[in-house]
Asker: 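One structure, pasted below without further comment.
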Amino acid sequence: MNAPVRTTRVITQRRRPRGMPVPEDFAEAELPLAAPAAGQAVVENLWLSVDPYMRECMDAEWELGAPLEGRSIGRVVESRSAELPVGTLVFHREGWRTHAVVAAAEVRVLPRYEGVATQSFLSLLGGTGLTAYVALTRIARLRAGETVYVSAAAGGVGTAAGRLARLLGADRVVGSAGSPAKVRLLTEELGYDEAFDHRAGPPLPEQLARVAPDGIDVYVDNVGGAHLEAAIGAMREDGRIAWCGAIAQYNAGSAPAAPRNLFDLVEKSIRLEGFLVSRHRDAQAELEEFLVPHLRSGRVADRLHVTEGFERTVEAFLGMLRGENTGKAVVRLGHDDPESSPDHTP
């Protein structure tokens, strides 16, 4: 029998960033890990998620010097909880560390779907996929035959939104990304009809008009700023905007100017709604019921951008903020779940 785990490697935040975070804003440490009390279990983390929202947490929410928070998937290796026997795979939020002590009420025991990799619960079946699903179904209320535009389309939420929009009946799906390689990925592998590189070529409104000459009905906004302004300009009457994030301003010293065409919301009867996916957890079962059959059949493949090794977690996070990932950015800690078999990029 293996000896109980009594230490954990953790990543902490050393200081508040100024603009784009740098590696020196973080530190790695090895800390004592308490033995589980009655009703608790020790979880060895297998997968960690790195997400855009974490950048905002760095400004004030995360406590300096404390282990950081994040979505994680782990396996129970020691237990004093009847609900969490050894070997159980769980989703929890004690990320950015190798091991954690958790209680049953703090985790979700993950279901096993034949043919579906466990790490999909950090991607298409996790908060990333749920964000895209809620954006399209509850916020934008996508209808069959409509045209959908997605910004940051090669990222985690963007790749999920493109595939879900198609499954939900969109007639045309277009997106913007930050490089020619990502544009090719969107159109050649991820089912987008058209895409454009927002960092090259004509202004955003012209590029969007080229890929959606008849206008758009739904915009899934992961960027804000100039992208939001361009989308408002391209909107048909009664269009809907689901605002998920604002990558364009996370590292800015001040908030960007509001879109200059906001009054078009009135003239075109456009609805713009921001949302937090944490308020829509009740949609999780609905998402799984809808998406698992498509994952099993192979109609949809979960694209993950995998960074190997706990020591590269900060690298993975900073790379995601720079837009280096294609698909959901995750970290594999090296103690893999033998039933996992992801499609992923190195």
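The figures here come from the full heavy-atom set of this structure, side chains too, leaving out hydrogens, waters and symmetry mates. Since the model is a prediction, treat every value here as computed from it, not as a measurement.
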Asker: So, do Arg97 and Ile11 sit near enough that their side-chain heavy atoms are less than 4.5 Å apart?
Answerer: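 When only atoms from C-beta onward are counted, Ile11 and Arg97 do not touch, as no gap falls below 4.5 Å.
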
Asker: Would you compute the distance between atom CZ of Phe317 and atom CE of Met58 and round it to the nearest 0.5 angstrom?
Answerer: 5.5 Å

Asker: Measure the CZ-NE2 distance between Arg6 and His99 for me, rounded to the nearest 0.5 Å.
Answerer: 10.5 Å

Asker: Excluding sequence neighbours, so at least two apart, what forms salt bridge (charged side-chain N to carboxylate O under 4.0 Å, His left out) with Arg312?
Answerer: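 Checked Arg312 against salt bridge (charged side-chain N to carboxylate O under 4.0 Å, His left out); matches are Glu315.
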
Asker: Check for a donor-acceptor pair, side chain of Arg163 on one end and backbone N or O of Thr159 on the other, with a separation under 3.5 Å.
Answerer: yes

Asker: Determine whether a donor-acceptor pair (N or O, by modelled atom type, separation under 3.5 Å) exists between the side chain of Asp51 and the backbone of Tyr53.
Answerer: no

Asker: Would you confirm whether Glu288, through its side chain, and Ala285, through its main-chain N or O, come within 3.5 Å as a donor-acceptor pair?
Answerer: no

Asker: One thing to verify: whether Arg166 and Asp193 come together as a salt bridge, which I'm taking to mean a side-chain N less than 4.0 angstrom from a carboxylate O.
Answerer: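 Salt bridge: yes.
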
Asker: Does Arg16 pair with Asp59 as a salt bridge, N-O distance under 4.0 Å?
Answerer: no

Asker: In Å, rounded to the nearest 0.5 Å, how long is the span from CG of Leu272 to CG of Leu262?
Answerer: 8.0 Å

Asker: Over all heavy atoms of both residues, which pair between Met54 and Val50 is shortest? Give the atoms and the distance, please.
Answerer: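 Scanning both residues, the minimum pair turns out to be SD-CA, 3.9 Å.
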
Asker: Among the clusters formed by ILVMFWY side chains lying less than 4.5 Å apart, do Val157 and Leu321 turn up in the same one?
Answerer: no

Asker: Before giving the answer on side chain to side chain contact (heavy atoms under 4.5 Å, CB included), spell out for His280 and Arg138 the whole-Å C-alpha distance, their side-chain angles and the decisive distance to 0.1 Å.
Answerer: CA-CA 9 Å; His280 296 271; Arg138 294 192 173 186; 3.4 Å; yes

Asker: Test of understanding: clusters of I, L, V, M, F, W, Y form through side-chain heavy atoms closer than 4.5 Å, transitively. Do Leu287 and Leu304 belong to the same one?
Answerer: yes

Asker: Side chains of Val331 and Glu311, heavy atoms from C-beta outward: is any pair under 4.5 Å?
Answerer: no

Asker: When you compare the side chain of Arg14 with that of Leu64, does any pair of heavy atoms fall below 4.5 Å?
Answerer: no

Asker: Tell me whether Glu273 at atom CD has more than 12 heavy atoms from other residues, nucleotides or ligands lying less than 6.0 Å away.
Answerer: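 Check passes, neighbour count above 12.
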
Asker: Would you name the heavy atoms of Gly158 and Val150 that are closest together and state the gap between them?
Answerer: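 Closest approach of Gly158 to Val150, heavy atoms only: CA-CG1, 3.8 Å.
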
Asker: Distance-only, no hydrogens or angles: does the Asp197 side chain make a donor-acceptor pair with backbone N or O of Val183 under 3.5 Å?
Answerer: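 Absent.
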
Asker: Any donor-acceptor pair under 3.5 Å linking the side chain of Gln207 with the backbone of Pro202?
Answerer: yes

Asker: Go through it in stages, so that I can follow the logic: the residues are Val134 and Phe275, the test is side chain to side chain contact (heavy atoms under 4.5 Å, CB included), and I'd like the CA-CA distance, side-chain angles, deciding distance and then a yes or no.
Answerer: CA-CA 9 Å; Val134 168; Phe275 72 98; 3.8 Å; yes

Asker: Tell me, with the steps shown, if Arg296 and Glu114 meet salt bridge (charged side-chain N to carboxylate O under 4.0 Å, His left out).
Answerer: CA-CA 7 Å; Arg296 281 175 166 164; Glu114 183 179 353; 5.9 Å; no

Asker: Would you compute the distance between atom OG of Ser49 and atom CH2 of Trp96 and round it to the nearest 0.5 angstrom?
Answerer: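 Ser49 atom OG to Trp96 atom CH2 measures 10.0 Å (nearest 0.5 Å).
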
Asker: Which residue pairs pass the ring pair (Phe, Tyr, Trp, His ring centres under 6.0 Å) test when at least one of the two sits in residues 167-204, sequence neighbours left out?
Answerer: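 Listed by first then second residue: His198-His227.
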
Asker: Any chance you could lay out the side chain to side chain donor-acceptor pair (under 3.5 Å) test for Thr118 and Arg112, step after step, and finish with the verdict?
Answerer: CA-CA 8 Å; Thr118 302; Arg112 286 292 201 175; 2.9 Å; yes

Asker: Quick check on the hydrophobic clustering: are Ile73 and Leu295 connected, directly or via other members, by side-chain heavy-atom contacts under 4.5 Å?
Answerer: yes

Asker: Does any N or O in the side chain of Ser79 come within less than 3.5 Å of the main-chain N or O of Leu84, such that one atom is a donor and the other an acceptor?
Answerer: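 Yes: the side chain of Ser79 pairs with the backbone of Leu84.
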
Asker: Looking only at non-hydrogen atoms, find the nearest pair between Arg172 and Ala212 and report the distance.
Answerer: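 So the two residues come closest at NE-CA, 4.5 Å.
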
Asker: Taking the side chain as everything from C-beta on, heavy atoms only, tell me whether Leu291 gets closer than 4.5 Å to Leu164.
Answerer: yes

Asker: Indicate the atoms forming the closest heavy-atom contact of Arg236 with Ile270, along with that distance.
Answerer: O-CG1, 4.1 Å

Asker: Using the rule given for side chain to side chain contact (heavy atoms under 4.5 Å, CB included), can you reason through Leu167 versus His294, listing the C-alpha separation, both sets of side-chain angles and the distance that settles it, and then say yes or no?
Answerer: CA-CA 9 Å; Leu167 295 173; His294 296 297; 3.8 Å; yes

Asker: Can you check whether Val43 reaches Arg75 side chain to side chain, under 4.5 Å on heavy atoms?
Answerer: no

Asker: Under 3.5 Å, side chain of Thr137 to main-chain N/O of Tyr133, donor-acceptor pair present?
Answerer: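 Yes.
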
Asker: Within the structure provided, determine whether Ile139 and Ile241 are in side-chain contact (heavy-atom separation under 4.5 Å).
Answerer: no

Asker: Could you go through Arg93 and Glu69, starting from their C-alpha distance and side-chain angles, then the distance that decides it, and tell me whether this counts as salt bridge (charged side-chain N to carboxylate O under 4.0 Å, His left out)?
Answerer: CA-CA 6 Å; Arg93 302 195 70 93; Glu69 173 270 350; 2.7 Å; yes

Asker: Please determine whether a side-chain nitrogen of the Lys or Arg among Arg9 and Glu30 lies less than 4.0 Å from a carboxylate oxygen of the Asp or Glu.
Answerer: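 The answer is no: the pair does not qualify as a salt bridge.
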
Asker: Just so I know, are the side chains of His92 and Glu106 near enough to count as touching, which here means a heavy-atom distance under 4.5 Å?
Answerer: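 No, every pair of side-chain atoms sits at 4.5 Å or beyond.
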
Asker: Could you check Leu46 against Leu333 for side chain to side chain contact (heavy atoms under 4.5 Å, CB included), going step by step and ending with a plain yes or no?
Answerer: CA-CA 5 Å; Leu46 306 175; Leu333 271 58; 5.9 Å; no

Asker: Donor-acceptor check, side chain of Glu206 to backbone of Pro203, threshold 3.5 angstrom: yes or no?
Answerer: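 Pair absent, no side-chain N/O of Glu206 close to backbone of Pro203.
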
Asker: So which heavy atom on Pro205 is nearest to which on Ala230, and how close?
Answerer: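 Residues Pro205 and Ala230, closest heavy atoms: N-CB, 4.1 Å.
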
Asker: Counting only heavy atoms from other residues, nucleotides and ligands, does the tally under 6.0 Å from CZ of Arg141 exceed 12?
Answerer: no

Asker: Could you list the residues that satisfy side-chain hydrogen bond (donor to acceptor under 3.5 Å, both in side chains) with Tyr219, not counting sequence neighbours?
Answerer: Ser151, Asp221

Asker: Give, for atom CZ of Arg260 and atom CD1 of Ile232, the distance between the pair rounded to the nearest 0.5 Å.
Answerer: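 Between atom CZ of Arg260 and atom CD1 of Ile232 there are 11.5 Å.
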
Asker: Run the side chain to side chain contact (heavy atoms under 4.5 Å, CB included) test against Asp238 and tell me which residues pass, sequence neighbours left out.
Answerer: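 For Asp238 the side chain to side chain contact (heavy atoms under 4.5 Å, CB included) partners, ignoring immediate neighbours, are Ser269.
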
Asker: With distance as the sole test, does Asn45 use its side chain to make a donor-acceptor pair with the main-chain N or O of Glu94 at under 3.5 Å?
Answerer: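 Between the backbone of Glu94 and the side chain of Asn45 there is a qualifying donor-acceptor contact (under 3.5 Å).
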
Asker: If two hydrophobic side chains count as joined below 4.5 Å and joins carry through other members, does Leu185 share a cluster with Val148?
Answerer: yes

Asker: Please report the shortest heavy-atom distance between Ser72 and Gly95, naming the atom on each side.
Answerer: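 So the minimum-distance heavy-atom pair works out to OG-CA, 2.9 Å.
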
Asker: Name each donor-acceptor pair under 3.5 Å that joins a side chain in residues 123-130 to protein atoms two or more places apart or in another chain, with its distance.
Answerer:
from	atom 1	to	atom 2	distance (Å)
Ser123	OG	Asp302	OD1	2.7
Ser123	OG	Asp302	OD2	3.4

Asker: Find the distance between NZ (Lys328) and CG (Leu122) and round it off to the nearest 0.5 Å.
Answerer: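 Output value for this atom pair is 6.5 Å.
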
Asker: Count I, L, V, M, F, W, Y as connected when their side-chain heavy atoms are under 4.5 Å apart, and connections chain through other members. Are Leu48 and Val90 then in the same cluster?
Answerer: no

Asker: Got a sec, which residues hit side chain to side chain contact (heavy atoms under 4.5 Å, CB included) with Glu267, two or more places apart in sequence or on another chain?
Answerer: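 So Glu267 forms a side chain to side chain contact (heavy atoms under 4.5 Å, CB included) with Phe263, Asp264.
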
Asker: Counting C-beta onward and ignoring hydrogens, is there a side-chain heavy-atom pair between Val5 and Glu44 closer than 4.5 Å?
Answerer: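 When only atoms from C-beta onward are counted, Glu44 and Val5 do not touch, as no gap falls below 4.5 Å.
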
Asker: Quick check against the 3.5 Å criterion: does Trp243 have a side-chain atom that pairs as donor or acceptor with the backbone of Gly245?
Answerer: yes

